[in-house]
Visitor: 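So that we are looking at the same thing, I have put the structure below in structure tokens.
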Amino acid sequence: MDPYLTAKWVHILSSTILFGTGLGTALHLWLTHLSRDVAAIAVATRNTVRADWAFTLPSVIVQPMSGAVLIELAGYDWGEGWLVLALLLYGIAGICWLVVLKLQLRMRNFASEARAAGTALPEEYFRCARAWFWLGWPAFTAVIVIFWLMVNRPEL
Ligand code: HEM
């Protein structure tokens, strides 16, 4: 198999896992959150955290690694504008994701404690959920722009 095409296949496959898992779990968690059903929220937050460890984290690592292989094999210059911008956006999305990950862990803990105690979700849970919601926008926008940069590779 051609090494370049193999690396590109891995890179594209990883990008679909990164974007698809993020979007799917975010939609599911947000809709469950809107239901205000504490037991459902406890399960959804727990499963979102699991999906992040199992799918998002590996693809977050594979993405730049396979990208680096593509750069070397194709002979791109690391200083090319589209690549620099993509790396910058990737960094921004990565920071948002790390904060989101921490918020999800807290949301999961608040929800499972409330479910065990049979109480309502605390105000702190709702603060985390709001921050989680708003951080998703820059992260997903950054990834959508990266997709565009990767496909078009504009001269910047
Ligand atoms: C993190 C650092 C990244 C680096 C260094 C990188 C690098 C590259 C390179 C060198 C190519 C090959 C372009 C060509 O075929 O000539 C490529 C293609 C591609 N990348 Fe990335 N990439 C990165 C992140 C991402 C991310 C985050 C996504 C989307 C989530 C993405 C999606 C794609 C796609 C879909 C292609 C195929 C484009 C095409 O063949 O037209 N990449 N990438």
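Just follow the structure's listing: the first ligand is 1, and inside any ligand the first atom is 1.
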Visitor: Which pairs would a plain distance check flag for residues 148-156, meaning a side-chain donor or acceptor within less than 3.5 Å of a matching protein atom at least two apart in sequence or in another chain?
Guide:
{"residue": "N152", "atom": "ND2", "partner": "W148", "partner atom": "O", "Å": "2.9"}
{"residue": "R153", "atom": "NE", "partner": "Y76", "partner atom": "OH", "Å": "3.1"}
{"residue": "R153", "atom": "NH1", "partner": "M150", "partner atom": "O", "Å": "3.0"}

Visitor: Using the ring of each side chain (for Trp, its six-membered ring), is F133 parallel, tilted or perpendicular to W137, with breaks at 30° and 60°?
Guide: perpendicular
Visitor: Could you tell me whether some N/O pair between Y76 and ligand 1 is separated by less than 3.5 angstrom?
Guide: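 There is such a contact, yes.
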Visitor: Before accepting this row, confirm whether a basic side-chain N of the pair R130/E123 lies closer than 4.0 Å to the acidic partner's carboxylate O.
Guide: yes
Visitor: When you measure from atom 13 (C) of ligand 1 to every protein heavy atom, which one gives the shortest distance, and what is it?
Guide: R153 NH1, 3.3 Å
Visitor: Go through ligand 1 atom by atom and flag the ones less than 4.0 Å from a non-hydrogen atom of Y90.
Guide: 1 (C), 27 (C)
Visitor: Who gets closest to atom 5 (C) of ligand 1 by heavy atom: L5, I71, V151, V143?
Guide: I71
Visitor: Testing the 3.5 Å rule here: is there a donor-acceptor pair between the side chains of T48 and Q104?
Guide: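 Side-chain D/A pair, T48 to Q104: absent.
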Visitor: Does a side chain donor of either R106 or N109 reach within less than 3.5 Å of an acceptor in the other side chain?
Guide: no
Visitor: Tell me the protein N, O or S atoms under 2.8 Å from atom 21 (Fe) of ligand 1, in chain and number order.
Guide: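 Short answer, with waters excluded from the count: H11 NE2, M150 SD.
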Visitor: Test of understanding: given a 4.0 Å heavy-atom threshold, classify the contact between W9 and ligand 1 as side chain, backbone, both, or neither.
Guide: neither
Visitor: For atom 14 (C) of ligand 1, grab the closest protein heavy atom and report residue, atom and distance to one decimal in Å.
Guide: Y4 OH, 2.8 Å
Visitor: Backbone or side chain, does any N or O of K8 fall under 3.5 Å from an N or O of ligand 1?
Guide: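 Yes - when backbone and side-chain N and O of K8 are compared with those of ligand 1, one distance drops under 3.5 Å.
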